[in-house]
Amino acid sequence: MLRPQDSATRERRRVEGLWLFRLDPQARGHADRWWRGRLAEAREVPVPASYNDVFADAATRDHVGDAWYQTTVRVPRGWAGQRVVLRFDAVTHRAVVWVDEVEVARHEGGYTPFEADITEVARPGAEIRVTVVVNNELTWQSVPPGIVQDTATGRQQIYFHDFFNYAGLHRPVWLYSTPRAHLSDVTVVTALAGTEGTVDYRVDVTGGDDLAVRAVLTDAEGTAVARATGTAGVLTVADVHPWRPGEGYLYDLLLEVVDGAEVVDAYSLPVGVRTVEVRGTKFLINGEPFYFTGFGRHEDLPVRGKGHDDVFMVHDFALMEWTGANSFRTSHYPYAEEVLDYADRHGFVVIDETAAVGQNTAIAGGIVGGGQSFPTFSPETINDASREIHAQAIRELVTRDKNHPSVVLWCVANEPESTTPASVEYFEPLFALTRKLDPTRPVGYVNMLLATPDRDLLRPLADVIMLNRYWGWYLNTGDLAGAESNWQAELEAWAAHGRPIIVTEYGADTVAGLHTVPAAPWSEEYQVEYLEMNHRVFDRVDAVVGEHVWNFADFATKPGIMRVDGNKKGVFTRDRRPKSAAFALRRRWHSAT
Ligand code: GCB
């Protein structure tokens with residue numbers, strides 16, 4: 001599925017602004033067919049945004065179940081004869097969509113796009129009514145998982161991950177046109193050999209099997225540097241300018257479907273020519289060892305929740321650059337495509353993660369789950385049906401992000417159970433699927449602290465070891481000397497496997513403005529000393545090829561006795577003010593590069 005764009009043959013418009021909105025706590029909307037007319041008793045809600053925090057009532061914030069959205073949009077008259085498509089970049093966690101009275105789409109999964117060809121129901125020049133029902137329930141068969149409980153006071157959502165379960169139309173909604181015969185997919189794979197670069201391309205054309213395809217690669221100055229014809233081919237670039245960390249050099253690949261002299265469809269794709277490889281304990285980009293500095297992040301903002309926002313996107317990248325970060329992980333779900341495009345253009349390196357977080361009842365029962373205990377993988381909990389939904393999420397992630405040069409590593413799950421035969425049985429096919437979908441990038445999962453090197457069973461499936469560790473916070477709390485020696489011993493045990501290690505999380509909750517002498521947990525001083533201790537350990541272990549602090553900014557969580565107005569491990573506050581740790585990181589990361 002190609003991202004909508006304006007081209008010589010395509011047009012798009014965003015369907016945003018204020019939509020009608022109605023919660024459906026009694027789940028009546030489907031039976032009463034709320035899509036059949038104007039949504040009654042509706043409030044107005046901004047799109048894109050989470051709905052949870054824009055109003056002032058707990059019923060909206062804590063709603064469990066269906067929420068209905070509706071708007072009208074006019075199909076441009078000039079689109080007559082074209083294919084008309086309605087696309088949602090992300091609806092969390094699942095959606096059904098109607099155009100007027102016709103159901104046009106259903107989608108499971110809150111962080112990847114879906115679309116519907118609505119040509120048959122959208123007459124050019126006419127207004128259409130778009131109704132979307134958004135469901136936010138998390139169950140054992142969703143990614144991420146959860147449990148919905150019916151209590152005397154209403155339905156409650158239990159979930160096992162440490163960020164607020166925001167819901168809504170989180171990213172742009174598009175109405176766009178393509179020609180009937182159109183490019184429906186493009187895949188590029190790039191390689192470097194000395195000063196020469198190659199771009200292997202493959203396209204799918206729908207509705208025009210007998211039409212020809214031509215490809216032109218243009219450099220950033222606008223000079224055509226290579227041409228080819230056919231649905232697959234290789235473009236060779238002499239004196240190639242590679243994409244590299246810190247320098248997001250992009251070529252433009254223009255693909256045209258042609259019928260003689262007539263251009264039937266045109267689509268252009270930014271292409272960064274770079275390679276990624278794991279060799280021994282090194283992570284190589286363009287054949288050179290790369291060291292990841294940066295953050296685990298969240299799509300999380302006051303009021304907007306997980307709604308995409310260009311202002312904060314640009315600001316967050318500016319702050320990351322200011323600290324000297326060269327990379328980040330899309331913890332704990334695929335981020336907006338705008339974010340990956342920006343990373344491509346600015347030379348940021350991305351670890352791209354699925355929404356599989358919380359597949360671990362050992363943590364669920366203890367740290368975040370309210371003391372209940374369940375087996376993680378069983379016919380009654382995370383089972384074959386869940387795995388199929390997880391597999392589909394991987395398919396949609398790789399399909400969406402395969403052409404981004406910034407993406408160098410797929411992460412199939414964050415902190416899943418990884419110490420049992422059931423976990424190996426669950427994950428083996430998912431690793432195999434990811435490699436089959438994309439043989440060019442390494443694949444890994446993020447290991448959690450209970451799965452020590454002697455107990456973890458998933459490591460042999462992964463190309464890179466990714467560790468979330470909280471020595472000096474959850475373990476050896478307040479005892480940085482003890483933490484340092486335990487952490488060093490553990491890292492050395494991991495290093496013995498001869499794989500690169502990225503520390504994907506290390507962090508300490510810190511209340512901005514809290515100062516102590518000597519440094520004590522929750523103070524800004526402790527966060528700085530905690531990070532410095534970690535850095536001493538990393539610098540002593542050669543196999544460590546990356547450090548991602550948890551977290552870039554403070555973020556919202558569900559309420560709980562472990563959290564004070566959310567998770568406070570941010571290096572920046574939720575409104576992006578620096579804590580002392582930001583300056584300490586800036587000193588380290590700028591001197592390292
Ligand atoms: C983790 C999780 C992350 C949490 C973090 C914490 O290991 O991956 O989602 O927010 O710990 O702060 O406890």
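The analysis underlying the following values was restricted to heavy atoms, covering all of them including side chains, and did not include hydrogens, waters or symmetry mates. Both ligands and their constituent atoms are indexed starting at 1 by order of listing. What you see is a predicted model; the values in this text were computed from it and never measured.
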Could you tell me whether Lys579 sits above the aromatic face of Phe572, with NZ or CZ closer than 6.0 angstrom to the six-membered ring centre and within 45 degrees of the axis? no
May I ask whether [X] places a heavy atom under 4.0 Å from ligand 1?
X      : value
Tyr470 : yes
Arg563 : yes
Met448 : no

Less than 6.0 angstrom separating the ring centers of [X] and [Y], yes or no?
X      : Y      : result
His346 : Phe348 : no
Trp522 : Trp473 : yes
Phe283 : Phe292 : yes
Phe377 : Tyr426 : yes
Phe295 : His548 : no
His332 : Trp550 : yes

Region of [X] that comes within reach of ligand 1 [heavy atoms, distance under 4.0 Å]:
X      : answer
Lys569 : side chain
Phe555 : side chain
Val446 : neither

Using a strict 4.0 Å cut-off to heavy atoms of [X], name the atoms of ligand 1 that fall inside it.
X      : result
Tyr474 : 6 (C), 12 (O), 13 (O)
Asn567 : 6 (C), 10 (O), 12 (O)
Asn468 : 7 (O), 8 (O)

